[in-house]
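Every chain is numbered from 1, with letters handed out A, B, ... down the list of sequences.
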Amino acid sequence: MSWTEERIGKLRELWGQGMSASEIAELLGNVTRNAVIGKAHRLGLSGRPSPIKKKPTRGATILSLTERMCKWPVGDPKHPDFHFCGKPALPGMPYCAEHAALAYQPAKKREEERKFSVA
DNA sequence: CCCTGATTCGC
DNA sequence: GCGAATCAGG
């Protein structure tokens with residue numbers, strides 16, 4: 001299977017929407033996340049999370065940074081070591097891509113479960 | 001241990 | 001250029 005314009009367009013679209021490589025690979029079909037990431041990288045993409053160690057924009061106050069901080073509560077709020085994820089949050093999301101996925105787990109095929117409930 | 005993406009290697 | 005393997009981090 002080669003990367004046609006159609007697939008590349010889908011890849012770029014899904015990737016731009018914040019879709020994870022594994023999700024994109026699954027939706028595209030007959031591709032692995034490695035293929036998607038590899039192609040994305042080759043296309044000049046990558047933008048999404050996990051540039052591993054990154055240099056935070058220092059000079060700005062922590063207040064401005066918290067807006068982009070993943071507000072995922074880690075540990076107990078009463079715990080003295082309580083902290084937030086701190087990873088870059090998605091636009092419009094209080095959490096980063098990973099935690100947003102965890103917080104807003106999309107119910108796939110909810111219809112199927114639904115028809116069972118009717119019975 | 002799970003997940004993520006990035007980078008590298010071989011085909 | 002493609003994909004898998006490997007690396008690095010959360």
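Rounded to a whole Å, the CD1 atom of A:I37 is 12 Å from the C1' atom of C:dA5. Between the CD atom of A:E5 and the C1' atom of C:dG1 there is a distance of 14 Å, rounded to whole Å. If you take CH2 of A:W15 and P of B:dT4, they are 11 Å apart, rounded to a whole angstrom. Distance CZ (A:R33) to C1' (C:dT6): 11 Å, rounded to an integer number of Å. A:L14 places its CG atom 16 Å from the C1' atom of B:dG5, with the value rounded to the nearest Å. Taking atom CG on A:L43 and atom C1' on B:dG5, their separation rounds to 15 Å, with Å as the unit. With rounding to whole Å, A:I8 atom CD1 is found 10 Å from C:dG3 atom P. Straight-line distance from the CH2 atom of A:W3 to the P atom of C:dG3: 6 Å, rounded to whole Å.
A:S22 has a side-chain polar atom (N or O) that falls below the 4.0 Å cut-off from OP1 or OP2 of B:dT4. Side-chain nitrogen and oxygen atoms of A:T32 include at least one within less than 4.0 Å of the OP1 or OP2 phosphate oxygen of C:dA4. Phosphate proximity of B:dG5 to A:H41: absent, as no side-chain N or O sits under 4.0 Å from OP1 or OP2.
Remark: A:E26 CD to A:L14 CG distance equals 12.0 Å, nearest 0.5 Å. With rounding to the nearest 0.5 Å, the separation of CD1 in A:I24 from CZ in A:R7 is 14.0 Å. Separating the CG atom in A:L11 from the CH2 atom in A:W3 is a distance of 4.5 Å, to the nearest 0.5 Å.
Contacts of A:S2 with the nucleic acid, taken as non-hydrogen atoms under 4.0 Å apart, are absent.
Nearest to the side-chain atoms of A:S20 among the listed nucleotides B:dT4, C:dC2, B:dT7 stands B:dT4. In the set B:dG5, C:dG3, C:dC2, the nucleotide with an atom closest to the side chain of A:A21 is B:dG5.
Inter-residue side-chain proximity for A:M19 and A:L27 is flagged as met; some heavy-atom pair is nearer than 4.5 Å.
Closest of all the heavy-atom pairs between A:A25 and A:V31 is O-CG2, 3.3 Å.
The 5' end of DNA chain C is approached more closely, in terms of each residue's nearest nucleotide, by A:R42 than by the other of A:N34 and A:R42.
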